[in-house]
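See structure below.
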Amino acid sequence: MISAKSYAAQSPETDLAPWDFERREVGPHDVQFDILYCGVCHSDLHQIKNDWFPGIFPMVPGHEIVGRVVKVGDHVKNFKVGDLAGTGCMVDSCQVCENCKQDLEQYCLEGNTQTYNSMERDGSRPTYGGYSNTIVVREEFVLHISEDVDLAATAPLLCAGITTYSPLRHWGVGKGHKLAVLGLGGLGHMGVKFGVAFGAEVTVLSTSANKEEDAKKLGAHHFVVTKDAEQMKAAAGTFDFILDTVSAEHDMDAYLKLLRTNGVMMCVGVPSKPYSIQPFSLLGGRKSVAGSGIGGIKETQEMLDFCAANNIVSDIEMIDIKDITAAYERMVKGDVRYRFVIDMATL
Ligand code: NAP
Ligand code: ZN
């Protein structure tokens, strides 16, 4: 076994605190890498608080992980000691179902194995995430990271990046489209960057009037304060797509009004309560509400390569791991500019 250090939640009621544990030995198909940076996703907070379902405790969150390879198994072909490596939200899947065979491991018909708050495929132990000094992952779920990028600012691409890249690619959002990004947080700010990079006309829909200048710096063409009835009225019926990244309950009918006929609301945010939608909000204008979960490994690599080639990284605020609880408090208030990243040297 490999001794590992981490910050873990012992229960939904307790703050994260230092915790030592063991990871599995490096198997023939595994890569072990020491973690340099890990992004802080709102999903980390949802899960340690049992917002979605009862979690597995102790829980080591973190699924925006980058680091350097320290050991590889005998059969590993694509990584060697010293390489940069990354892992996102998944560490395994069945690899043989219809979806896995089409590079959609995130939709594995047997369920993918999540990086934390999940059981390893053989059921032997829970998985533990990236708020830790080292990790062991099977080769197929390890991503290559360019040596030329800002490593800390690249970490959030492993979740916030792929989660926004994948739906925009799937629905072919680009030139000639009006895209609205709802919620300017970790996912939202990446949605703006990709929307702009793909050639769409991008509007940020935000509850925070003070984010307008940032939104424009990120490349957004327009900014709507969603609490302002006049601005919402002016935006009605104007968007081909809305990328909904909101983490809390919100009024879906109010936002569906902003779509044009045949418009699509792409939901990636995961509030703890089910959505409530008036049927008239959909049938008047043949509108769709759709969902999207992270992205497959092949597409995640494509996204990382696209970002490296186009100088796209996340806008980050680096934190010391002991300040994680304060960072969560700011995240809940919508005060993230625009992703916290833990410097793992502080563990
Ligand atoms: P985040 O950084 O906290 O951003 C969420 C943003 O939503 C906030 O900054 C805020 O933006 C807006 N917001 C918050 N409460 C709101 C409310 N009541 N009404 C309207 N807007 C509100 O969170 P994140 O890390 O980007 O994650 C966003 C959500 O996506 C989370 O639920 C997370 O679990 C989920 N997620 C899903 C996937 C997937 O695969 N689908 C992957 C990763 C994360 P403004 O200040 O601009 O209003
Ligand atoms: Zn995430």
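First listed ligand is number 1; within each ligand, the first listed atom is number 1.
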Hey, is [X] close enough to [Y] for a salt bridge, meaning N to O under 4.0 Å?
X	Y	answer
Lys333	Glu329	no
Glu212	Lys216	yes
Asp34	Arg68	no
Arg24	Glu120	yes

Exercise. Using 2.8 Å as the cut-off, count the protein N, O or S atoms closer than that to the Zn ion (ligand 2).
Key: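 For the Zn ion (ligand 2), protein nitrogen, oxygen or sulfur atoms under 2.8 Å: 3.
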Exercise. Tell me, please, whether Phe21 has Arg125 positioned over its six-membered ring: NZ or CZ under 6.0 Å from the ring centre and within 45 degrees of its axis?
Key: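 Relative to the ring axis of Phe21, which defines the angle, Arg125 lies outside at least one limit.
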Self-check item: Under 4.0 Å from ligand 1 - residues by heavy atom, chain and number
Solution: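 Ligand 1 pocket, heavy atoms under 4.0 Å: Cys41, His42, Ser43, His46, Trp52, Cys159, Thr163, Gly183, Leu184, Gly185, Gly186, Leu187, Ser206, Thr207, Ser208, Lys211, Thr245, Val246, Ser247, Ala248, Glu249, His250, Val268, Gly269, Val270, Ser292, Gly293, Ile294, Met331, Gly334, Arg339.
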Quiz item: Taking only residues two or more places apart in sequence, or in another chain, which ones meet Lys322 in a side-chain contact (heavy atoms from CB on, under 4.5 Å)?
Solution: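 Partners of Lys322 by the side-chain contact (heavy atoms from CB on, under 4.5 Å) criterion, ordered by chain and then number, come out as Tyr7, Asp320.
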Exercise. May I ask you to check whether Asn117 and Gln47 show a side-chain donor-acceptor distance below 3.5 Å?
Key: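 Yes, because at least one side-chain N or O of Asn117 sits under 3.5 Å from a partner of the opposite role on Gln47.
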Quiz item: Of Asp44, Asp15, Val40, which is the lone residue that meets side chain to side chain contact (heavy atoms under 4.5 Å, CB included) with Ile324?
Solution: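 The side chain to side chain contact (heavy atoms under 4.5 Å, CB included) with Ile324 is passed solely by Val40 among Asp44, Asp15, Val40.
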Self-check item: Sequence neighbours excluded, every pair satisfying salt bridge (Lys or Arg N to Asp or Glu O under 4.0 Å) that has a member inside residues 181-206
Solution: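 Qualifying pairs: Lys193-Asp315.
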